[in-house]
Amino acid sequence: MLVINRSRDKILLAKHVGQDDYILFAGYVKKGETAEKAVTREFKEETKLNVVKYKYMSSRYHEPKNVLMLNYLVMAEDGEPVIDEEEISEIKWFTFAEAEEAIRKDSTAEIFLKNALNELKKNIF
């Protein structure tokens, strides 16, 4: 998930426990659950914030974990995220340029970030 604020000028990135790089938010679809429901549930579990709206962007096979990743552009409600310390060590808001610098290079997250930034620049979301 590429998470933006309501003002559409910041991106929320996370560092998972034991990782050094910032990445996008992600989660798994549970049995019987839709991808859309997973987006709102996973984001709420990891940040305690609600999703205001979301839009499906694209998909990509993620070889390191042998899974299909679905990219959603997500707008979060205003407020400070609360970290789920079992999964996440840090959450931080970035400008678009800062996010491009901070994201793990040559990763699925970087590809999804660039795709979403192109959409945001068109003011489609």
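Treat the numbers as computed from the prediction; the structure is a model and nothing was measured.
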Taking the side chain as everything from C-beta on, heavy atoms only, tell me whether [X] gets closer than 4.5 Å to [Y].
X     : Y     : result
Val51 : Phe43 : yes
Leu68 : Leu70 : yes
Ile23 : Leu13 : no

Could you tell me which non-hydrogen atom of Leu113 sits nearest to which non-hydrogen atom of Ala99, and how far apart they are?
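Of all heavy-atom pairs spanning Leu113 and Ala99, the closest is CD2-O, 3.7 Å.
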
Which atom of Val3 lies closest to which atom of Ala76, heavy atoms considered:
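Scanning both residues completely, I find the closest heavy atoms to be CG1-CB, 3.8 Å.
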
Between Tyr61 and Asn66, does any side-chain donor sit less than 3.5 Å from a side-chain acceptor?
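Per modelled atom types, Tyr61 and Asn66 side chains form a pair under 3.5 Å.
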
Among all residues two or more places apart in sequence or in another chain, which pass the side chain to side chain contact (heavy atoms under 4.5 Å, CB included) test with [X]?
X     : value
Lys48 : Val82
Ala26 : Met69
Ile91 : Leu12, Ala14, Phe25, Thr47, Pro81, Ile83, Ile88
Lys44 : Asn50

Roughly how far apart are [X] [atom1] and [Y] [atom2], rounded to 0.5 Å?
X     : Y     : atom1 : atom2 : result
Glu80 : Trp93 : CD    : CH2   : 8.5 Å
Ser7  : Asp78 : OG    : CG    : 6.5 Å
Asp84 : Glu86 : CG    : CD    : 5.5 Å
Lys55 : Asn71 : NZ    : CG    : 11.0 Å

Among Val39, Leu49, Ile4, Leu2, the one residue meeting side chain to side chain contact (heavy atoms under 4.5 Å, CB included) with Val74
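Only one option passes, and that is Val39.
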
Mind checking what makes side-chain hydrogen bond (donor to acceptor under 3.5 Å, both in side chains) contact with [X], not counting sequence neighbours?
X     : result
Asp9  : Asn5
His62 : Thr108
Thr95 : Glu98
Glu87 : none

Are Phe96 and Leu24 in one and the same hydrophobic cluster, where Ile, Leu, Val, Met, Phe, Trp and Tyr link if side-chain heavy atoms are under 4.5 Å apart?
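Linked within one cluster.
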
Grouping I, L, V, M, F, W and Y whenever their side-chain heavy atoms are under 4.5 Å apart, do Phe112 and Met75 come out in a common cluster?
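Yes, because Phe112 and Met75 connect within a single hydrophobic cluster, where side-chain heavy atoms sit under 4.5 Å apart.
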
Considering only NZ, NE, NH1 and NH2 on the basic side and carboxylate oxygens on the acidic side, decide whether Arg6 and Glu77 come within less than 4.0 Å.
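Not counted as a salt bridge, because no side-chain N and carboxylate O are separated by less than 4.0 Å.
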
Pairs flagged by salt bridge (charged side-chain N to carboxylate O under 4.0 Å, His left out) wherever residues 15-26 is involved - sequence neighbours left out
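Applying salt bridge (charged side-chain N to carboxylate O under 4.0 Å, His left out) to every pair that reaches into residues 15-26, excluding sequence neighbours, yields Lys15-Glu90, Asp21-Arg104.
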
Go through the steps for Tyr54 and Leu73 under the test side chain to side chain contact (heavy atoms under 4.5 Å, CB included), then give the verdict.
CA-CA 5 Å; Tyr54 56 83; Leu73 179 55; over 6 Å; no

Qualifying residues under salt bridge (Lys or Arg N to Asp or Glu O under 4.0 Å), relative to Glu110, sequence neighbours excluded
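For Glu110, the residues satisfying salt bridge (Lys or Arg N to Asp or Glu O under 4.0 Å) (neighbours in sequence not counted) are Lys114.
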
Contacts of type salt bridge (Lys or Arg N to Asp or Glu O under 4.0 Å), residue Glu100, not counting sequence neighbours:
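None.
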
Within a radius of less than 6.0 Å around NZ of Lys65, do more than 12 heavy atoms belonging to other residues, nucleotides or ligands occur?
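Count not over threshold, so no.
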
Judged by atom type as modelled, is there a donor-acceptor pair below 3.5 Å linking the side chain of Glu33 to the main-chain atoms of Lys30?
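Yes, the answer is positive, given that a donor and an acceptor are paired below the 3.5 Å cut-off.
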
Excluding sequence neighbours, so at least two apart, what forms ring-ring contact (aromatic ring centres under 6.0 Å, His included) with Phe94?
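For Phe94 the ring-ring contact (aromatic ring centres under 6.0 Å, His included) partners, ignoring immediate neighbours, are Tyr22.
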
